[in-house]
Amino acid sequence: MPRVQSRLRVLTILLVLALSAGPAWAIDPPYQRQMERLAEIMGSLYFLQPLCQAGTTDWRAQMADLIALDEPDEDRRQRLAGAFNGGYTAFARFHRACTPAAREALTRLLVEAERTARDIHTRFAE
């Protein structure tokens with residue numbers, strides 16, 4: 001039993017040293033996952049909306065505004081931009097024309113975007 005405690009103590013010390021030697025990690029706000037999902041949805045809408053309907057919403061500009069308002073650090077900004085780009089790419093791979101499936105995805109994404117944005121605002125806005 002003393003050997004196990006000794007090993008555990010050594011491992012704990014090594015873990016503390018390893019964590020303290022690296023850069024400090026920023027803590028994400030509690031709404032980060034929802035923001036990344038919203039960014040992904042907005043990227044999807046940026047691709048789908050011009051494909052299926054003439055829309056006046058510039059989802060890329062909306063995303064830029066959202067990032068500016070949130071004022072994330074560089075890591076979070078990159079993750080949000082990556083989620084936006086991932087959403088765009090996911091639909092660009094499979095859709096070349098407005099099909100019933102693309103129209104249905106557009107409708108569902110608009111509903112989810114509104115729900116997610118409202119949830120973030122209701123739960124976390126000051």
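- In this structure, a donor-acceptor pair under 3.5 Å is absent between the side chains of Tyr31 and Asp119.
- Going from atom OG of Ser44 over to atom CH2 of Trp59 covers 11.0 Å, rounded to the nearest 0.5 Å.
- Atom CG of Leu66 and atom CG of Leu80 lie 7.0 Å apart (nearest 0.5 Å).
- Contact annotation: the side chain of Asp75 approaches that of Arg79 to within less than 4.5 Å [non-hydrogen atoms, C-beta and beyond].
- Counting only residues at least two apart or in different chains, side-chain hydrogen bond (donor to acceptor under 3.5 Å, both in side chains) contacts with residues 91-101 are absent.
- Here Gln62 contributes atom CD and Ile67 contributes atom CD1; the two are 12.0 Å apart, rounded to the nearest 0.5 Å.
- The only member of Val111, Leu51, Leu48 that meets side chain to side chain contact (heavy atoms under 4.5 Å, CB included) when paired with Leu106 is Leu48.
- What you find for Ala97 and Ala102 is that their closest heavy atoms are O-CB, 4.3 Å.
- Panel note: side chain Thr116, backbone Leu38; no donor-acceptor pair is recorded below 3.5 Å.
- In this structure, the ring of Tyr88 has its center less than 6.0 angstrom from the ring center of Tyr46.
- With rounding to the nearest 0.5 Å, the separation of CZ in Arg115 from CD1 in Ile120 is 11.5 Å.
- Between Asp70 and the options Arg76, Arg77, Gln32, a side-chain hydrogen bond (donor to acceptor under 3.5 Å, both in side chains) holds for only Arg76.
- In this structure, Phe91 and Leu109 have side chains that are in contact, with non-hydrogen atoms separated by less than 4.5 Å.
- Taking the charged nitrogens against the carboxylate oxygens, Glu36 and Arg33 have no contact shorter than 4.0 Å, which rules out a salt bridge.
- In this structure, the separation between NE2 on His121 and CD on Gln34 is 13.5 Å, given to the nearest 0.5 Å.
- Between Ile41 and Ala113, the shortest heavy-atom contact is CG2-CB, 3.6 Å.
- For the pair Arg108 and Glu112, the salt-bridge criterion is not met [side-chain N within less than 4.0 Å of a carboxylate O].
- Arg103 is not listed as a side-chain neighbour of Gln53, based on a closest heavy-atom distance of 4.5 Å or more.
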